[in-house]
Number of protein chains: 2
Amino acid sequence: MTKNCNFIEKLREVGLRPTKQRIKICEVLYNREKTFHFTINDLVKMISEKMNEKISLATVYNTVHAFEKKGYLKEISIDSHKSYFDTNTSAHHHFFDEDTHELIDCDESDIDKINIRKNITGKKINSVEVLVRVASDNQTQK
Amino acid sequence: MTKNCNFIEKLREVGLRPTKQRIKICEVLYNREKTFHFTINDLVKMISEKMNEKISLATVYNTVHAFEKKGYLKEISIDSHKSYFDTNTSAHHHFFDEDTHELIDCDESDIDKINIRKNITGKKINSVEVLVRVASDNQTQK
DNA sequence: CAACAGTTTAGAATTATTATAATGTAGATT
DNA sequence: AATCTACATTATAATAATTCTAAACTGTTG
Ligand SMILES: [Mn+2]
Ligand SMILES: [Mn+2]
Ligand SMILES: [Zn+2]
Ligand SMILES: [Zn+2]
């Protein structure tokens with residue numbers, strides 16, 4: 001279990017003031033075994049349920065985007081209608097369960113390295129990510 | 001150049017009434033050499049610029065979603081903040097230019113077939129798509 | 001502890017999308 | 001051809017997600 005003072009240092013390192021709201025959000029996001037995926041709505045719920053404090057919605061948005069900019073969080077595009085964030089900021093692939101709308105990380109070994117043959121002049125590749133959409137085996141597929 | 005009567009037949013085939021708005025939208029979307037990517041906003045502009053007719057925004061949304069459901073259009077998730085649609089409905093990969101926010105199709109030959117080793121019990125794979133984010137070579141990368 | 005810059009906050013504003021309900025129309029029925 | 005009816009279109013209102021605003025607040029510096 002990471003201590004709060006670690007979060008304070010971590011925030012200081014990237015030039016974010018260790019305010020109590022940011023520390024609270026760090027606790028909710030990083031004080032756990034595994035990385036996970038969430039929406040802003042999820043996060044607001046988690047804060048209000050797990051913590052007694054209430055944080056303004058604007059602050060949650062601001063903080064999440066500050067964290068994203070500093071590389072503490074990654075935004076994942078799967079569904080144009082919802083923003084998902086990921087506390088796993090490394091480059092990795094995903095499964096998306098279309099029944100439950102759950103995102104699942106792929107292990108390194110699940111998918112071979114992707115080889116891109118095309119090269120766009122004047123442009124460099126920033127990322128290569130695979131999205132595997134899965135759904136229940138029996139039901140009618142979309 | 002596809003004739004309107006073809007669109008009428010096409011619409012009838014999938015059980016959509018060939019109304020003048022739907023035919024108009026078909027013309028804008030499919031009366032061209034190559035497939036392309038667009039947002040609802042793009043489409044509304046294209047209709048009002050290319051055609052003299054004005055179609056209600058609600059109808060554009062309804063029609064695009066009707067076309068999507070019938071397999072005439074595909075929705076692409078790249079940017080959680082915007083919905084992109086694709087008149088190329090086949091399974092294919094994309095480059096996304098982060099400078100211009102332009103989507104570019106990958107040819108079959110640009111990327112090898114992806115082999116998924118993981119298998120999620122009770123779930124079948126609906127699609128496997130790769131998104132390659134590119135950006136200007138010289139500028140600071142995000 | 002005073003001062004300042006950065007931060008939080010509630011609420012308003014904006015944007016994208018969907019719902020509503022009245023009106024219009026394609027295609028079938030007479 | 002006139003009528004009918006289910007479905008489609010429309011303008012507008014409603015909703016939802018996100019961002020903006022401006023005032024109050026707080027962490028940090030000296
Ligand atoms: Mn964002
Ligand atoms: Mn959609
Ligand atoms: Zn992930
Ligand atoms: Zn495409």
Side-chain angles (χ1 to χ4, degrees), chain A residues 4-5 7-28 37-48 51-70 72-73 75-85 101, chain B residues 4-5 7-28 37-48 51-70 72-73 75-85 101:
Chain A
N4 285 5
C5 59
F7 294 137
I8 293 173
E9 282 165 28
K10 202 177 168 188
L11 288 167
R12 281 225 174 89
E13 271 167 29
V14 293
L16 289 176
R17 274 194 190 167
T19 60
K20 66 168 177 261
Q21 290 82 353
R22 281 180 179 153
I23 295 165
K24 195 69 70 181
I25 292 177
C26 278
E27 285 173 27
V28 175
H37 307 101
F38 65 93
T39 65
I40 296 283
N41 234 314
D42 295 337
L43 183 54
V44 170
K45 268 184 206 152
M46 290 166 73
I47 293 167
S48 63
M51 316 307 220
N52 46 340
E53 306 252 356
K54 288 169 203 316
I55 301 184
S56 136
L57 184 62
T59 298
V60 176
Y61 273 100
N62 290 341
T63 306
V64 164
H65 283 120
F67 283 6
E68 188 195 1
K69 198 174 296 171
K70 297 300 183 178
Y72 287 7
L73 288 175
E75 192 166 3
I76 309 288
S77 303
I78 341 135
D79 182 335
S80 334
H81 309 290
K82 230 173 208 171
S83 275
Y84 284 76
F85 291 88
H101 284 197
Chain B
N4 285 4
C5 59
F7 293 138
I8 294 173
E9 281 165 28
K10 203 177 164 188
L11 289 167
R12 281 224 173 90
E13 272 167 29
V14 294
L16 289 176
R17 274 193 190 170
T19 60
K20 66 168 177 261
Q21 290 83 353
R22 282 180 180 153
I23 294 165
K24 196 68 74 181
I25 292 177
C26 278
E27 283 172 27
V28 175
H37 307 101
F38 66 93
T39 65
I40 294 283
N41 234 313
D42 296 336
L43 183 55
V44 169
K45 267 184 207 152
M46 291 166 73
I47 292 167
S48 63
M51 314 309 219
N52 46 341
E53 306 252 357
K54 287 166 203 319
I55 301 183
S56 136
L57 184 62
T59 298
V60 177
Y61 273 100
N62 290 342
T63 306
V64 164
H65 283 120
F67 283 7
E68 188 195 2
K69 197 173 298 172
K70 297 301 183 177
Y72 286 7
L73 289 174
E75 193 166 3
I76 310 287
S77 303
I78 343 133
D79 183 335
S80 334
H81 308 290
K82 229 171 208 172
S83 275
Y84 285 77
F85 291 89
H101 284 196

message: Under a 3.5 Å distance rule, please check whether A:Ser48 uses its side chain to pair with a backbone N or O of A:Lys45 as donor and acceptor.
response: yes
N or O in side chain of B:Ser83 less than 4.0 angstrom from C:dT17 OP1/OP2: yes
field: Distance-only donor-acceptor check, side chains A:Ser83 and A:Glu75, under 3.5 Å
entry: yes
field: Intra- and inter-strand pairs of DNA chain D in dot-bracket (Watson-Crick or G-U wobble, both distances under 3.5 Å; | for another strand)
entry: ||||||||||||||||||||||||||||||
- request: Tell me yes or no: between the side chains of A:Thr59 and A:Asn62, is some donor less than 3.5 Å from an acceptor?
  value: no
task: Please work out which of the three classes, parallel, tilted or perpendicular, describes the rings of A:Phe67 and A:Tyr72, given edges at 30° and 60°.
output: tilted
5′-ward residue of the pair B:Asn41/B:Pro18 relative to DNA chain C: B:Asn41
- prompt: Nearest heavy-atom pair of B:Ile25 and B:Val60: which atoms, and what distance?
  reply: CD1-CA, 4.4 Å
- request: Please check the phosphate of C:dT18 (OP1 and OP2 only) for any side-chain N or O of B:Tyr61 closer than 4.0 Å.
  value: no
Flag, side chain of B:Ser77 to backbone of A:Ile78, donor-acceptor distance under 3.5 Å: yes
query: If only side-chain N and O atoms of A:His81 are considered, is one of them under 4.0 Å from the OP1 or OP2 phosphate oxygen of D:dA16?
result: no
field: Short side-chain to backbone donor-acceptor contact, B:Arg12 and B:Pro18, under 3.5 Å
entry: no
- request: Kindly say if A:Arg12 contacts the phosphate of D:dG27, meaning a side-chain N or O under 4.0 Å from OP1 or OP2.
  value: no
Just the atom pairs and distances: protein N or O near nucleotides 5-9 of chain C's N or O, under 3.5 Å.
unit_1, atom_1, unit_2, atom_2, d
C:dA5, N3, A:Arg17, NH2, 3.3
C:dG6, O4', A:Arg17, NH1, 3.4
C:dG6, O4', A:Arg17, NH2, 3.0
C:dT7, OP1, A:Arg22, NH1, 2.7
C:dT7, OP1, A:Arg22, NH2, 3.2
C:dT8, OP1, A:Thr19, OG1, 2.8
C:dT8, O3', A:Gln21, NE2, 2.9
C:dT9, OP1, A:Gln21, NE2, 3.4
C:dT9, OP2, A:Ser56, N, 3.1
C:dT9, OP2, A:Thr59, OG1, 2.8

- prompt: Should the pair A:His65 and B:His81 be assigned to parallel (<30°), tilted (30 to 60°) or perpendicular (>60°) ring geometry?
  reply: tilted
